[in-house]
Amino acid sequence: MRRWKDFSIAAKLYTVIGIMAVLIAGELLALNFAMGTVSAVRAFVGGESMWSKSQKNAVMNMQRYASSRKPDDFEAFLASLRIPEGDHRARLELQKLHPDMAVVRAGFTQGGVHPDDIDPMVRLLRRFHWEQHIAKAVAAWTEGDRLLEEFKAAAFKFSELAQAPKTSPEVLQDQLRHMRKLNEDLTLVESDFSNVLGEGSRWLETVIISLLFLAVLTVETIGLTLTILTSRSISRGLSRIHAASVKIGQGEFDTELKADSHDEIGALATSIDSMRVLLKKSYEGLEVRVKERTAELSKLAAENANLYEQANQALRSRDEFLSIASHELRTPLTALSLQLDLLTKQVRSGKTASLEEALALFGKHVKRLGGLSNDLMDITHIRMGKFEIKREVCDLAVVARDIVAQIRPEAERLGCELRLEAESVRGNFDSIRVGQILTNLLTNAVKYGSGQPVEISLHPTSTGARMIVKDQGKGIAPEFQTRIFESFERANAGKDIPGLGLGLYITRQIVVAHGGKISVQSQPGAGSTFVVEIPA
Ligand code: ADP
């Protein structure tokens with residue numbers, strides 16, 4: 001069987017209203033029945049009072065006849081008996097198994113009962129004939145009828161005796177005494193009849209009022225109980241749902257909301273629970289997405305920071321370059337200007353003995369300026385994408401020997417021995433640019449070589465040439481070994497060592513333009529070895 005809370009709310013409300021309607025209908029029927037019974041009892045009491053009034057009238061008329069002996073008075077006596085006789089006939093008919101209602105109605109009409117009261121009275125007598133008050137009343141009524149019948153017979157006898165000429169006054173007096181005795185008995189019976197009916201009607205009123213009270217109490221109790229149960233089951237379900245919704249609103253998605261009924265509230269609980277599950281999933285998805293996005297953003301931020309750092313680094317390098325470049329240019333220019341003054345003075349004074357030496361120094365500064373401007377030109381070409389090589393058939397050994405010879409004086413000045421080991425490597429190379437490679441590597445080896453010997457070797461390979469420049473100087477820290485090939489990168493070279501940080505950058509561009517590669521092996525304090533591979 002379905003449980004009460006599994007009924008839909010509408011079904012619950014209709015059931016409650018239906019039960020209430022049935023109960024109220026029952027209550028109204030009971031009220032109708034009670035009113036009918038009360039009015040029947042009232043009619044019965046009225047009938048009894050008519051009966052006893054007529055019985056008293058009959059006795060009075062008989063007494064009048066006894067003294068007047070007028071036939072009219074006897075007629076009046078007989079007329080007074082018509083009402084009890086009508087009632088008598090109706091009662092006899094009613095006591096039959098299948099009473100003839102026409103006879104009953106005629107009897108009660110003769111008994112002076114109002115036509116509208118006849119049916120309720122008949123129902124009362126037939127339905128409740130077993131009830132002690134009704135039974136007693138009917139018994140008193142029957143006894144009264146019997147006595148009245150006896151009284152009527154005695155009255156007829158008295159009338160007969162009174163009209164007979166030889167009747168002695170004693171006989172008449174006896175008959176009158178007999179009739180008085182009957183009248184006394186009748187008075188007693190009539191009083192019984194009336195008492196019993198009064199008592200019965202009071203009892204009935206109490207019973208009916210109690211029954212009605214009970215019926216009202218039952219209806220109200222059942223109605224209230226059903227209403228309380230229904231509203232409690234509805235409000236309890238709604239409170240659970242409310243509490244769960246508040247939790248969901250606060251972001252707590254772990255408490256399951258179980259439907260404990262199959263009505264609308266159960267359905268609502270189920271939908272809210274599925275909403276909770278959906279929200280939980282989307283929140284979790286959201287959290288994952290937020291985490292991913294945060295990670296992406298932090299990565300981006302890190303990259304940006306990196307870019308920013310690189311840009312800053314570039315700006316720093318540029319500023320540093322400008323300061324170095326101006327310094328680098330100013331140094332030879334100042335020297336040149338001083339030399340020029342000196343030369344001018346010497347020429348004017350005719351002291352030209354040391355002129356050659358002065359001009360050599362002059363040439364050295366001009367060469368240095370030339371080298372600087374070449375580097376700047378190269379880098380401008382590289383940046384503009386206009387850097388190119390011009391291959392021609394040549395022997396790199398010749399180039400190497402040439403360059404070593406050019407560098408040697410400066411190397412020797414710094415106490416640095418240059419050891420060249422060159423095999424002939426003939427091929428298609430840009431000899432000027434390859435010379436520039438060697439110049440740059442050698443210049444660095446001498447500059448950073450701490451006055452130690454520098455070894456230069458040149459050998460052919462299967463594809464072209466391999467050049468190695470090895471010094472025993474201060475070396476390069478690992479973290480700078482790739483950076484030194486970038487432009488303006490001077491690693492940890494101090495300001496006391498001149499340079500723009502472009503030599504290795506240009507060198508690598510030349511090597512790459514030849515389709516070759518350059519690498520360095522170095523240990524800080526143990527010198528550096530630069531290896532260049534160039535295809536022919
Ligand atoms: P620079 O004009 O500063 O010499 P380079 O591009 O020729 O510029 O060299 C870049 C940097 O590499 C130098 O500043 C120096 O710190 C380092 N370097 C290059 N060659 C050597 C070497 N042989 N020994 C030690 N450090 C070197």
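Values below: every heavy atom of this structure, side chains too, minus hydrogens, waters and symmetry copies. Numbering starts at 1 and runs along the sequence shown.
Judged by distance alone, the side chain of Asn306 and the main-chain N or O of Ala302 form no donor-acceptor pair under 3.5 Å. Using modelled atom types, no side-chain atom of Gln55 and backbone atom of Pro84 make a donor-acceptor pair closer than 3.5 Å. In this structure a side-chain-to-backbone donor-acceptor pair under 3.5 Å is missing from Ser159 to Ala155. Looking at Arg240, its side chain does come within 3.5 Å of a backbone N or O of Lys258 through a donor-acceptor pair. No donor-acceptor distance shorter than 3.5 angstrom exists from the side chain of Glu256 to the backbone of Asp273, with no hydrogens or angles considered. Counting only distance, with no hydrogens or angles, the side chain of Glu131 and the backbone of Ile134 share a donor-acceptor pair below 3.5 Å. In this structure a side-chain-to-backbone donor-acceptor pair under 3.5 Å is present from Ser80 to Ala76. With hydrogens and angles disregarded, no donor-acceptor distance shorter than 3.5 Å links the side chain of Ser194 to the backbone of Glu190. Thr167 contributes a side-chain N or O that, together with a main-chain N or O of Leu161, makes up a donor-acceptor pair within less than 3.5 Å.
The stretch residues 14-37 participates, sequence neighbours left out, in no side chain to side chain donor-acceptor pair (under 3.5 Å) pair at all.
Residues Met62 and Lys152 are not in side-chain contact: their nearest non-hydrogen atoms beyond the backbone lie 4.5 Å or more apart. Side-chain contact check for Leu286 versus Ser282: every heavy-atom pair is 4.5 Å or farther apart. At a threshold of 4.5 Å between non-hydrogen side-chain atoms, the residues Phe33 and Ile208 do not count as touching. The side-chain heavy atoms of Phe485 and Val520, taken from C-beta on, include a pair separated by under 4.5 Å. Inter-residue side-chain proximity for Asp73 and Phe77 is flagged as unmet; no heavy-atom pair is nearer than 4.5 Å. Counting only heavy atoms from C-beta outward, the side chains of Val290 and Glu287 never approach each other to under 4.5 Å. Side-chain contact between Ile234 and Thr230: present, with at least one pair of heavy atoms (C-beta onward) separated by less than 4.5 Å. Within the 4.5 Å cutoff, no side-chain heavy atoms of Phe151 are placed close to those of Leu81.
Annotation for Gln110: atom CD counts as buried by contact number, over 12 foreign heavy atoms lying within 6.0 Å. For Gln523, the CD atom sits in a loose shell: 12 or fewer heavy atoms of surrounding residues, nucleotides or ligands are nearer than 6.0 Å. Atom CE of Met101 sits in a crowded spot, with more than 12 heavy atoms from other residues, nucleotides or ligands closer than 6.0 Å. Heavy atoms from other residues, nucleotides or ligands lying under 6.0 Å from CZ of Arg69 number more than 12. Other residues, nucleotides and ligands place more than 12 heavy atoms under 6.0 Å from the NE2 atom of His129.
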Apply side-chain contact (heavy atoms from CB on, under 4.5 Å) to residues Glu143 and Arg146 and explain how you reach the verdict.
CA-CA 5 Å; Glu143 179 61 10; Arg146 190 191 63 76; 2.8 Å; yes
Between Glu170 and Arg177, is a salt bridge (charged side-chain N to carboxylate O under 4.0 Å, His left out) present by the stated rule, with each step listed?
CA-CA 10 Å; Glu170 289 77 20; Arg177 255 197 307 279; over 6 Å; no
Please lay out, stage by stage, how Ile389 and His514 fare under the test side-chain contact (heavy atoms from CB on, under 4.5 Å).
CA-CA 8 Å; Ile389 53 164; His514 272 91; 3.8 Å; yes
Should Glu292 and Arg289 be marked as a salt bridge (charged side-chain N to carboxylate O under 4.0 Å, His left out) after you check the CA-CA gap, both sets of side-chain angles, and the distance that decides it?
CA-CA 5 Å; Glu292 284 171 2; Arg289 288 225 316 270; over 6 Å; no
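Between Ser210 atom OG and Leu217 atom CG the span is 12.0 Å, to the nearest 0.5 Å. To the nearest 0.5 Å, the span separating OG on Ser487 from CG on Asp375 amounts to 12.0 Å. Ile518 CD1 to Gln509 CD: the interatomic distance, rounded to the nearest 0.5 Å, is 11.0 Å. Atoms CH2 and CG, from Trp141 and Leu125 in turn, are 6.0 Å apart once rounded to the nearest 0.5 Å. The CG atom of Asn61 sits 11.0 Å away from the CG atom of Asp72 when rounded to the nearest 0.5 Å. Rounded to the nearest 0.5 Å, atoms CE (Met60) and NZ (Lys56) are 11.5 Å apart.
Ile228 and Ser231 get closest at one heavy-atom pair: O-OG, 3.2 Å. Glu48 and Leu197 make their closest contact through CB-CD1, 3.5 Å (heavy atoms, listed as atom of the first residue, atom of the second, distance). The shortest non-hydrogen separation linking Phe158 to Ala66 is CE2-CA, 3.7 Å. Nearest heavy-atom pair across Asp87 and Gly111 is OD1-CA, 3.3 Å. The two residues Ser528 and Gly475 come nearest to each other via the heavy atoms OG-CA, 3.5 Å. Closest non-hydrogen pair, Phe253 versus Arg276, comes out as O-NH1, 2.6 Å.
Salt bridge status for Glu93 with Lys96: present, with a side-chain N to carboxylate O gap under 4.0 Å. Salt-bridge check for Lys157 with Glu150: failed, with every basic side-chain N at 4.0 Å or more from each acidic carboxylate O. A salt bridge between Asp119 and Arg105 is present, with a side-chain N of the basic residue lying under 4.0 Å from a carboxylate O of the acidic one. In this structure, Arg293 pairs ionically with Glu296, as a charged nitrogen and a carboxylate oxygen lie closer than 4.0 Å. At a threshold of 4.0 Å, the pair Asp254-Lys247 does not count as salt-bridged, since none of the basic side-chain nitrogens sits closer than that to a carboxylate oxygen. Salt bridge Glu199/Lys136: absent, no basic N to carboxylate O contact under 4.0 Å.
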Review item, side-chain donor-acceptor pairs of residues 179-186, under 3.5 Å, at least two apart:
residue	atom	partner	partner atom	Å
Lys181	NZ	Asp185	OD1	3.0
Lys181	NZ	Asp185	OD2	3.3

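With His133 as the fixed residue, the ring pair (Phe, Tyr, Trp, His ring centres under 6.0 Å) test singles out one of Phe44, Phe128, Trp203, Phe193: Trp203.
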